[in-house]
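To keep things clear, I will list the structure first and then write my remarks on it.
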There are 2 protein chains.
Amino acid sequence: MTETRWLDDDEQETWRAFLWTSRLLGEALDRQLQRDSGMPHAYYMILAMLSEAPDRRLTMTELAAIVHSSPSRLSHAVNRLEEAGWVRRARHETDRRTTIAELTDAGYAALAEAAPGHVAEVRRHLFDPIDRERMLAFRDTLHSLLESLDPDRRAPCAPGEG
Amino acid sequence: MTETRWLDDDEQETWRAFLWTSRLLGEALDRQLQRDSGMPHAYYMILAMLSEAPDRRLTMTELAAIVHSSPSRLSHAVNRLEEAGWVRRARHETDRRTTIAELTDAGYAALAEAAPGHVAEVRRHLFDPIDRERMLAFRDTLHSLLESLDPDRRAPCAPGEG
DNA sequence: CGGTTATTCTTGAACTCTCAACTATTAGGG
DNA sequence: CCCTAATAGTTGAGAGTTCAAGAATAACCG
């Protein structure tokens with residue numbers, strides 16, 4: 001046990017600003033999606049990532065890595081999404097352990113309908129308030145943080161339509 | 001309804017980087033606190049904010065604003081914290097509607113014991129990976145976002161020992 | 001004053017997430 | 001080959017959050 005090095009004032013302010021920003025932004029997006037499309041943001045993300053995959057199919061493990069979810073969380077979520085008719089489970093051809101999650105047409109339609117409102121909300125809260133230069137610096141900093149948080153680089157931040 | 005303006009590649013990358021960063025960081029902190037101190041981060045924050053208040057007391061409304069919580073969430077949380085003996089509810093002198101939440105000595109002790117490990121985790125994930133210059137730029141960007149997300153500026157990011 | 005409105009806080013139900021435990025299947029090593 | 005270990009996924013219980021509803025009190029205002 002070494003002596004604790006406390007946060008100085010600048011660090012304190014940075015940390016709390018990050019905390020409130022991610023909290024408020026997350027809540028704003030959850031509220032908008034829940035209200036307008038009846039799904040939480042985590043579920044939207046699952047549909048979005050599936051929609052970008054080849055044949056709109058991914059194994060549970062692949063999907064969990066992409067949306068940064070625990071296996072358990074994803075399994076529960078897919079249960080709900082299946083009940084809603086937006087996702088379907090299928091068997092893997094050769095490995096009988098693995099389950100494949102597949103976006104249904106209804107799921108694609110729900111995603112397509114939800115997307116505009118969601119993107120507008122992201123733009124309003126995340127991109128309207130800052131100019132492009134600051135956005136790019138912000139992105140670089142986030143990538144540095146991610147590298148430390150997720151050393152295995154499981155998940156891409158690359159483009160799609162989410 | 002106007003035509004949707006989708007996110008371009010840089011925006012997409014920025015948005016996802018922010019999403020995963022806040023998700024992973026939040027989960028890391030929750031896990032550390034839950035494991036080492038038996039409380040989720042939201043509860044730690046409540047104790048921390050109370051500890052910085054005059055007499056370690058705040059009304060529920062004040063506290064909710066400071067920790068960016070809904071009244072309901074805070075009420076449930078204080079129920080648990082009261083069961084744990086870390087917080088006590090008291091009456092307001094003149095306004096019988098308002099409840100005052102007060103940090104107990106046991107609560108202060110729990111906070112003091114949890115703090116070093118928590119701060120270490122914040123430092124490890126948030127400050128070790130980036131230098132001071134980028135941290136300050138990061139902070140400024142977050143403040144811009146906060147201004148849009150929280151126009152009433154309800155909550156301070158100013159220093160304390162949280 | 002008296003009635004409406006706003007504020008403060010709490011509750012219960014529904015839902016999501018976490019964690020630990022568990023099943024089933026495949027891969028590895030003597 | 002067989003036994004162990006690793007991988008893939010699911011489940012149930014417990015805990016936290018959200019939302020809508022409601023109770024109590026205070027403030028407003030004609």
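Numbers restart at 1 for each chain; the letters A, B, ... are given by sequence-line order, proteins then strands. In what follows, every heavy atom counts, from backbone to side chain, and hydrogens, waters and symmetry copies are set aside.
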Residues, nucleotides or ligands: over 12 heavy atoms within 6.0 Å of Glu83(B) CD: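 Yes, enclosed.
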More than 12 heavy atoms of other groups within 6.0 Å of Asp128(B) CG: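 Count over threshold, so yes.
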Min side-chain heavy-atom separation Arg16(A)-Met45(B) under 4.5 Å: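 Arg16(A) vs Met45(B): side chains touch.
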Side-chain touch Leu145(B)/Leu25(A), heavy atoms, less than 4.5 angstrom: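 Side chain of Leu145(B) against side chain of Leu25(A), heavy atoms only: no contact under 4.5 Å found.
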Sub-3.5 Å pairs of nitrogen or oxygen atoms, protein against nucleotides 25-28 of chain D:
unit_1, atom_1, unit_2, atom_2, d
dA26(D), OP1, Thr94(B), O, 3.3
dA26(D), OP1, Arg96(B), N, 3.0
dA26(D), O4', Arg97(B), NE, 3.3

Base-contact (B) and sugar-phosphate-only (S) positions in nucleotides 10-16 of chain D, heavy-atom cut-off under 4.0 Å, - elsewhere: BBB---S
In this structure, how many angstroms lie between the [atom2] atom of [N] and the [atom1] atom of [X], rounded?
X: Leu33(A); N: dT18(D); atom1: CG; atom2: C1'; value: 15 Å
X: Leu81(A); N: dC15(C); atom1: CG; atom2: P; value: 14 Å
X: Glu27(B); N: dT18(C); atom1: CD; atom2: C1'; value: 10 Å
X: His92(B); N: dA24(D); atom1: NE2; atom2: C1'; value: 15 Å
X: Asp36(B); N: dC19(C); atom1: CG; atom2: C1'; value: 16 Å
X: Arg91(B); N: dA24(D); atom1: CZ; atom2: P; value: 13 Å
X: Arg23(B); N: dT16(C); atom1: CZ; atom2: P; value: 14 Å

Flag, side chain of Thr59(A) to backbone of Thr99(A), donor-acceptor distance under 3.5 Å: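 No.
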Any donor-acceptor pair under 3.5 Å from Ser144(A) side chain to Asp140(A) backbone: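 Side chain of Ser144(A) to backbone of Asp140(A): a pair is present.
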Residues in salt bridge (charged side-chain N to carboxylate O under 4.0 Å, His left out) contact with Arg89(B), at least two apart in sequence or another chain: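 Checked Arg89(B) against salt bridge (charged side-chain N to carboxylate O under 4.0 Å, His left out); matches are Glu82(B).
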Intermediate values then yes/no, side-chain hydrogen bond (donor to acceptor under 3.5 Å, both in side chains), Asp30(B) and Gln34(B): CA-CA 6 Å; Asp30(B) 259 335; Gln34(B) 193 70 59; over 6 Å; no
